[in-house]
Amino acid sequence: MPSHIFIQLGMWDDVSSSNAASYAAAIEMFERQDTYESDTQRYFNARNLTHALDWGQYGDLQRGDYAKAWQAVENGEMVIANTEAPIALRRAAVTRPRYVIETEQWQVIEVSPHAAAGGHLANGISAVRTGDLAAGAAAGAALAALDGAVAAIAHHEVTALLHAARGDADAASASMDKAIELAESRGAPRGAPTPLKPAHELYGEILLELGRPAEAVEQFKRSLRRTPNRSLSLRGLARAAVAAGDPDTARAQYAQLAAQWRGAEDAPTVEEARQFLRDH
């Protein structure tokens, strides 16, 4: 699985191409699954198919290929309709909430039981970012009711956003400190991040909004050490560096972001990067 290495190094073109090849091979086998001799064979092929779908979409989102990333959402729905393998269902169902979070196209989505933490997280962030704090609180409560570390981190993330939106900076920081502690106890991601919004990245965004750019710089740097070349962390570090009076760091981050972008030319993320590079 070379994709493991490519993701950990932020090599998004290689992530995309290797998973596209893996997906094409798996879909051919998936279409012939009635010829398999055992349920075990069908299970493992569904697992392999959705592994490529899941990680390939993540790579495509980092390189700005939103059209291909959306195709992964549609392909995921096809997979869900044709398998009962739990791990395949989880991976296919996560493609929609990931799309919302990575593209920042804030919207309420139906929460799949196969990816409840991701769905509630996407809805919680969307709600806060669009000013619907009641819906954000409901999403946070739904996350608190779920078991597991990933749901707990996501709960603290949504709670922090709510505190920040209400003007309680200390409570927002306290919630994010809890999220960071849990995230770091799990080690650096070996693939696409879980939860879908990395805690260090979100903390940096919140700190920047609270007018604390120097602290935000440190969180974005930590995020990029854990998940190299993440587009939103590159953008975040660039923004924080500008606010902290460090245009050279900002230029380097925006240049990397622009260099790895392969699609969605009208996306605000890449427009921001290119505008800065033109002006500086």
Side-chain angles (χ1 to χ4, degrees), residues 10 12-13 15-16 57-73 95-109 118 121-133 135-136 157-158 160-161 164-165 192-193 195-213 216-217 219-221 223-224 227-244 246-280:
W12 305 125
D13 288 343
V15 172
S16 179
Q57 186 208 33
Y58 178 66
D60 289 327
L61 286 163
Q62 301 316 307
R63 65 207 290 268
D65 193 342
Y66 292 171
K68 190 175 178 184
W70 179 254
Q71 186 63 52
V73 177
T95 56
R96 186 178 291 271
R98 178 188 289 132
Y99 185 90
V100 171
I101 289 171
E102 296 290 348
T103 65
E104 298 182 324
Q105 296 176 15
W106 307 125
Q107 58 187 284
V108 175
I109 61 173
L121 177 59
N123 284 345
I125 298 175
S126 291
V128 175
R129 293 308 191 197
T130 56
D132 189 347
L133 301 192
E157 290 180 325
V158 172
L161 284 169
L196 298 176
K197 183 66 172 177
H200 297 82
E201 179 178 276
L202 181 62
Y203 202 179
E205 292 172 357
I206 291 172
L207 288 167
L208 192 53
E209 292 164 7
L210 293 175
R212 294 153 62 180
V217 164
Q219 290 299 333
F220 286 122
K221 285 182 176 179
S223 181
L224 287 166
T227 55
N229 291 338
R230 259 190 65 83
S231 289
L232 294 180
S233 287
L234 290 169
R235 183 194 67 181
L237 179 53
R239 287 178 174 178
V242 169
D246 183 1
D248 290 340
T249 294
R251 188 180 303 108
Q253 308 314 307
Y254 278 135
Q256 175 61 41
L257 175 57
Q260 70 189 33
W261 206 262
R262 298 288 181 268
E265 294 298 326
D266 59 344
T269 300
V270 75
E271 286 186 342
E272 176 182 326
R274 290 171 177 163
Q275 185 61 53
F276 183 89
L277 294 170
R278 285 193 292 268
D279 293 344
H280 298 81

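Side-chain atoms of T130 come within 3.5 Å of backbone atoms of A127 as a donor-acceptor pair (strictly under, hydrogens ignored). Within the 3.5 Å criterion, the main-chain N or O of Q107 finds a donor-acceptor partner in the side chain of S126. In this structure, Q57 contributes its side chain and T95 its backbone to a donor-acceptor pair below 3.5 Å. Between the side chain of S233 and the backbone N or O of F220, no donor-acceptor pair lies under 3.5 Å. Looking at Q260, its side chain never comes within 3.5 Å of a backbone N or O of R63 through a donor-acceptor pair. The backbone N or O of E209 lies less than 3.5 Å from no partner atom in the side chain of R212, so there is not a single donor-acceptor pair. Side-chain atoms of R251 come within 3.5 Å of backbone N or O of H280 as a donor-acceptor pair.
Counting all heavy atoms, side chain and backbone alike, K197 lies closest to E201 at NZ-OE2, 2.6 Å. Heavy atoms only, all atoms of each residue included: A241 and V217 are closest at N-CG2, 3.9 Å. Of all non-hydrogen atoms in Y66 and A264, the two that sit nearest each other are CD1-CB, 3.5 Å. In terms of heavy-atom proximity, V128 sits nearest to G136 at CG2-CA, 4.4 Å. Counting all heavy atoms, side chain and backbone alike, W12 lies closest to P228 at CZ2-O, 3.4 Å. The two residues G236 and L208 come nearest to each other via the heavy atoms O-CD2, 4.4 Å.
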Exercise. In sequence, state the C-alpha distance, the side-chain angles, and the governing distance for V242 and R239, and then conclude on side-chain contact (heavy atoms from CB on, under 4.5 Å).
Key: CA-CA 5 Å; V242 169; R239 287 178 174 178; 5.8 Å; no
Practice problem: Begin from the C-alpha positions of S231 and W261 and carry the test side-chain contact (heavy atoms from CB on, under 4.5 Å) through to its verdict. | Solution: CA-CA 9 Å; S231 289; W261 206 262; 4.0 Å; yes
Practice problem: Could you walk me through whether D13 and R262 pass the side-chain contact (heavy atoms from CB on, under 4.5 Å) test, one step at a time? | Solution: CA-CA 9 Å; D13 288 343; R262 298 288 181 268; 2.8 Å; yes
Self-check item: D60/Q71 under side-chain contact (heavy atoms from CB on, under 4.5 Å): CA gap, chis, key distance, verdict
Solution: CA-CA 10 Å; D60 289 327; Q71 186 63 52; over 6 Å; no
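Ion pairing of R129 with E104 is absent here, as no side-chain N (NZ or NE/NH1/NH2) approaches a carboxylate O to less than 4.0 Å.
Between atom CG of residue L121 and atom CG of residue L196 there is a gap of 6.0 Å, rounded to the nearest 0.5 Å. Interatomic distance, CG of L232 versus CG of L237, reported as 12.5 Å (0.5 Å rounding). Interatomic distance, I109 CD1 to R96 CZ, rounded to the nearest 0.5 Å: 7.0 Å. Of the inter-residue distances, the one linking E272 atom CD with L277 atom CG reads 10.5 Å to the nearest 0.5 angstrom. The CG atom of N229 sits 9.0 Å away from the CD atom of Q253 when rounded to the nearest 0.5 Å. The distance from the OG atom of S16 to the NZ atom of K68 is 3.0 Å, given to the nearest 0.5 Å.
Here the rule is side chain to side chain donor-acceptor pair (under 3.5 Å) with Y58, and of E102, R230, R98 only R230 fits it.
Using the six-membered ring where Trp is involved, F276 and Y254 have ring planes that are tilted, between 30° and 60° apart.
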